[in-house]
Amino acid sequence: MFRFHKEGKASITLVGLVCIGILAATWLLIPSDLFWLQIVLTFVAFDLLIFILQFFRNPIRQIAKQDDSIIYAPADGKIVVIEETTEHEFLKEKCIQVSIFMSPLNVHVNRNPISGTVQYSKYHPGKFLMAWNPKASTENERTTVAYQLKNGQQLVMRQIAGFLARRIVNYLKAGDQVKQGEDMGFIKLGSRVDLFLPLGTEINVKLDDMVQGNLSVIGHLK
């Protein structure tokens, strides 16, 4: 089952009105001897409506179990990076980066990968490089969130705008107590989510794997 995300309310309404306008003009103003054009424009209107509805879909997904050692996928998409790196903004130490590329056809809801306390949440304006560009993590428009578990372990999640994405939504602020699997934000159109995990984390995905938010396990904390 799925529902539509609240971030899509205005867009769905606007596109719906545009589609109604296209259909009305098509069948009231275009002469019947141009029936082929009426059919083409009708398909265009319905395709546009279907696209916007599928883009803002928000599937109801329950995580298998609440577990502080499990890191669930925070987004739908393709694993494009698994590497050891240094996270300079908050952790300022070596960690494991796992990145998920979200195409325009993926669900674009972002979810909390773990439960814990939000220690840091900051929006950064920036460029709109292709989301798979390595520089996108530090140069694109982005939001960085740092979580701390009860045992003191920390991980960072970064929402990154892509070439098409022009709006990042993040509901979290420092001090919030969050629950694993709940919505934490939304990114419109193609984009990327980076996870920065403690060294020693057991990674359960590999490059090019397709993952689903709340359903796929990214890894296990040690």
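Just so you know, these numbers use all the heavy atoms, side chains as well, and skip hydrogens, waters and symmetry mates. Bear in mind that the values here come from a model prediction, so they are computed numbers and not experimental data.
Placement of Trp36 and Phe43 in two distinct hydrophobic clusters is found when ILVMFWY residues are connected by side-chain heavy-atom separations under 4.5 Å, directly or transitively. Hydrophobic cluster membership is shared by Ile52 and Leu48, with clusters built from Ile, Leu, Val, Met, Phe, Trp and Tyr side chains linked at under 4.5 angstrom. Under the 4.5 Å side-chain contact rule for hydrophobic residues, Leu221 and Ile82 share a cluster. Under the 4.5 Å side-chain heavy-atom criterion for grouping Ile, Leu, Val, Met, Phe, Trp and Tyr, Leu53 is not connected to Leu23 through any hydrophobic cluster. Taken together through direct or relayed side-chain contacts under 4.5 Å among Ile, Leu, Val, Met, Phe, Trp and Tyr, Leu155 and Ile63 form parts of separate hydrophobic clusters.
The heavy-atom pair separating Val211 from Ala75 by the smallest distance is CG2-O, 3.7 Å. Val205 approaches Val217 most closely through the heavy-atom pair CG1-O, 3.7 Å. Of all heavy-atom pairs between Arg142 and Ile168, the closest is CA-CD1, 3.6 Å. Of all heavy-atom pairs spanning Ala45 and Cys19, the tightest one is O-SG, 3.1 Å. Between Leu172 and Asn170, the closest heavy-atom pair is N-OD1, 3.0 Å. The nearest pair of heavy atoms linking Gly16 to Leu49 is CA-CD1, 4.3 Å.
The NE2 atom of His108 lies 3.5 Å from the OG atom of Ser191; values are rounded to the nearest 0.5 Å. Atom CD1 of Ile114 and atom CD1 of Ile70 lie 12.0 Å apart (nearest 0.5 Å). Note that the NZ atom of Lys94 and the CG atom of Leu91 stand 14.5 Å from one another [nearest 0.5 Å]. Here the straight-line distance linking atom CD of Gln38 with atom CD1 of Ile30 works out to 6.0 Å at 0.5 Å rounding. With rounding to the nearest 0.5 Å, the separation of CE in Met210 from OG in Ser103 is 6.5 Å. Leu199 CG to Lys222 NZ: the interatomic distance, rounded to the nearest 0.5 Å, is 14.0 Å.
Ion pair Asp76/Arg61 flagged as a salt bridge, since at least one NZ, NE, NH1 or NH2 atom sits closer than 4.0 Å to an Asp/Glu carboxylate oxygen. Ion pairing of Arg158 with Glu87 is present here, as a side-chain N (NZ or NE/NH1/NH2) and a carboxylate O approach within less than 4.0 Å.
The closest side-chain heavy-atom distance from Thr201 to Pro198 is below 4.5 Å. The closest side-chain heavy-atom distance from Asn110 to Ile187 is below 4.5 Å. Looking at heavy atoms from C-beta onward, Asn106 lies out of side-chain contact with Ile100 at the 4.5 angstrom threshold. Put simply, the side chain of Met184 reaches to within 4.5 Å of the side chain of Val145, judged on heavy atoms.
One N or O on the side chain of Ser115 and one on the backbone of Gln180 form a donor-acceptor pair closer than 3.5 Å. A donor-acceptor pair under 3.5 Å is absent between the side-chain atoms of Glu182 and the main chain of Asn112, judged by distance alone.
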Worked verdict on Phe51 versus Val15 for side-chain contact (heavy atoms from CB on, under 4.5 Å) = CA-CA 10 Å; Phe51 173 79; Val15 171; over 6 Å; no
Run the side-chain contact (heavy atoms from CB on, under 4.5 Å) check on Val118 and Lys173 step by step: do they pass?
-> CA-CA 7 Å; Val118 176; Lys173 61 183 184 300; over 6 Å; no
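Looking only at atom types and distance, the side chain of Gln153 has no donor-acceptor partner in the side chain of Tyr147 under 3.5 Å away.
Heavy-atom neighbours of Phe46 CZ from other residues, nucleotides or ligands within 6.0 Å: at or below the threshold of 12. For CD of Gln62, the number of neighbouring non-hydrogen atoms (other residues, nucleotides, ligands) closer than 6.0 Å is 12 at most.
Within the structure, ring pair (Phe, Tyr, Trp, His ring centres under 6.0 Å) pairs that include any residue of residues 61-94 comprise Phe90-Tyr120 (at least two apart or interchain).
A parallel orientation is assigned to the rings of Phe186 and Phe56, their planes being inclined by less than 30° (bins at 30° and 60°).
Exactly one of Ile96, Ile71, Ile79 qualifies for a side chain to side chain contact (heavy atoms under 4.5 Å, CB included) with Ile203. That residue is Ile96. Among Leu197, Asp209, Asn204, the one residue that satisfies the side chain to side chain contact (heavy atoms under 4.5 Å, CB included) test with Ile218 is Leu197.
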